[in-house]
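Just so you know, these numbers come straight off a predicted model, no measurement behind them. Every chain is numbered from 1 and lettered A, B, ... according to where its sequence line falls, protein lines coming before strand lines.
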Amino acid sequence: MQNDKSRRLIFSIPTAEEEQRIYKGLAEYISEQKVNQLLTDQHMIIAKGRRQEVYILSSDLWRLYTQIQPLRHPYFIGRFLGELTKTALKPSLHILHALGDAVKDTVKVITTHTGEQKFLYGQPLENQHLKDWPAVLEEERKVLVVNDQGEALGYGLLKSAETGKVSIKNQQDLGWYLRRGH
Amino acid sequence: MNNREAEQLAKQYGYRQYMIERYLELFGSETVQFLKGNELAIPSTIRMNTLAASPTEVATRLQTKGVQLEPVDGLPYAYRVRQSTVSLGATTEYLLGYYLLQSAASMWAVEALNPQADQVVVDMCAAPGGKTTLIAQFMENKGAILATDISRDRIRSLRSNLSRMRVENSLAIRMDATQLPEFGIQADAVLLDAPCTGEGLIPVDPTRKQSRITKDITILANVQKRLILAANQLLRENGVLVYATCSFAPEENEKIIDYALQRCPIQIVDAGLPLGEPGFTAPFNQELDESLHLARRFYPYKHQLEGFFICKMIKVAA
């Protein structure tokens, strides 16, 4: 950023390989068809700095971006899809609701009211905090945590899947907006 | 001006004396009412996010949690908080982006702007984003919003609110808004909620009775003049400019508009707001443009809102 030397960024359109990682990250949670719907008619850019942040933009916003970006680097733009890691996209809280609305049953975990509160405080969940979880439990499986009204609360990781015992590690939850967001 | 009266009122209500002297000149016999109004608590308001949920459904959910709400006249998405047994800044519904705690006065500024879907809108001093997110709501997440703020800390809050409130049509930049014309944008609408002395916030922050001196008004007025000239440069012909502050000072309000009217091809128009007092046309015996009566001033003692100033303008052919 011209006026912020601590945040030097390079903005670029993703390569085919980067796009593949982005798709892969999203497809962990929603079907390929839904991934395509999410990205249809959107321009995608990666802001590469200390982290690699992926954004999607409508055509209207893209026009504005092309006027601005040669002169100044945006701080935030359009929809923040998430952070691109070496293996896949780590989806953001900004698109959590979009993923939640279409989440695959195989990665959906439903909390009780108590579970909802615990999770929003950044805590892990166990059987007694859950109303439902995937039929097939895979260790280290990424899951999307929703409350009993179907509202997405955050991202989790299935930590232990011994017979009869489920444990969800909190990866990121909406409580972040209170703990870190301001 | 009665200096003794000013001294006595300043002591009684805890203000710097220069402020009372100015209020006596501006408000005359209503000054004591004005000061009493600043002592009253202003009800909190929340603004439902129609990008995320139905206002009535969210209101019902909050009511079951012990939040007593009543609709705000003229603002279909706003509710006044009568009573609450929960912290409204920490409910699940808040985290889901279903609502924002926001003063009704600032919502009226966006009502005056009335941004439309598919427009290009600039929010010049945007953080923490209450008005930006409402602009996105008006635009149904279409078109494009350029939101800027100069503060490193405040732009983080802006980003957080844009994300939580599900705004998808904004581009946020940390920069001095006076430099925005370098992009050559021809915006359909510009909101300039200018940095100000913040006297209008005295009901929520009484430290402001003592925290500013007259020199602050002068310094901020100079910033506001530079900002409004930049705002004019950003606008296309027939584009809309809304200037707002949370100050009572004419030097930060009517005199800034008057300064701009003399230098820019803009005209004041009726903002169509159903409340507010007319702007001053001759504050401190200085004659200003007569059309300033179309600007609107909100006072705690009259409107149960924070002090606020809103003026809507349209750019005309040069």
Name the option with the most non-hydrogen atom pairs under 4.5 Å to chain A; the candidates are [options].
{"options": "K142(B), Q179(B), R61(B)", "value": "R61(B)"}
{"options": "S163(B), P128(B), G89(B)", "value": "S163(B)"}
{"options": "R154(B), R166(B), M165(B)", "value": "R166(B)"}
{"options": "V120(B), D118(B), L158(B), V167(B)", "value": "V167(B)"}

Does L95(B) reach the side chain of D173(A), with side-chain heavy atoms less than 4.5 Å apart? no
Within-4.5 Å side-chain heavy-atom neighbours: Q117(A) and T92(B): yes
Check each atom of [X] against the heavy atoms of chain B and say whether the ones under 4.5 Å are side chain, backbone, both or neither.
{"X": "A152(A)", "answer": "backbone"}
{"X": "Q149(A)", "answer": "side chain"}
{"X": "F80(A)", "answer": "side chain"}
{"X": "L120(A)", "answer": "side chain"}

So does K131(B) have more than 12 non-hydrogen atoms from other groups sitting under 6.0 Å from NZ? yes
Looking at K104(A), I'd like to know if its NZ atom is crowded, meaning that more than 12 non-hydrogen atoms belonging to other residues, nucleotides or ligands lie closer than 6.0 Å. yes
Among residues 144-151 of chain B, which ones touch chain A with a heavy-atom distance under 4.5 Å? A144(B), I145(B), L146(B)
Within this structure, what is the [atom1]-[atom2] distance for the pair [X] and [Y], rounded to the nearest 0.5 Å?
{"X": "R79(A)", "Y": "S170(B)", "atom1": "CZ", "atom2": "OG", "value": "12.0 Å"}
{"X": "R72(A)", "Y": "L171(B)", "atom1": "CZ", "atom2": "CG", "value": "12.5 Å"}
{"X": "I185(B)", "Y": "R63(A)", "atom1": "CD1", "atom2": "CZ", "value": "13.0 Å"}
{"X": "R159(B)", "Y": "F76(A)", "atom1": "CZ", "atom2": "CZ", "value": "5.5 Å"}
{"X": "Q186(B)", "Y": "Q67(A)", "atom1": "CD", "atom2": "CD", "value": "9.0 Å"}
{"X": "L96(A)", "Y": "L96(B)", "atom1": "CG", "atom2": "CG", "value": "8.5 Å"}

Determine the option with the most heavy-atom pairs under 4.5 angstrom with chain B, choosing from D60(A), L153(A), N147(A), I95(A). D60(A)
Run the side-chain hydrogen bond (donor to acceptor under 3.5 Å, both in side chains) test against Q42(A) and tell me which residues pass, sequence neighbours left out. none
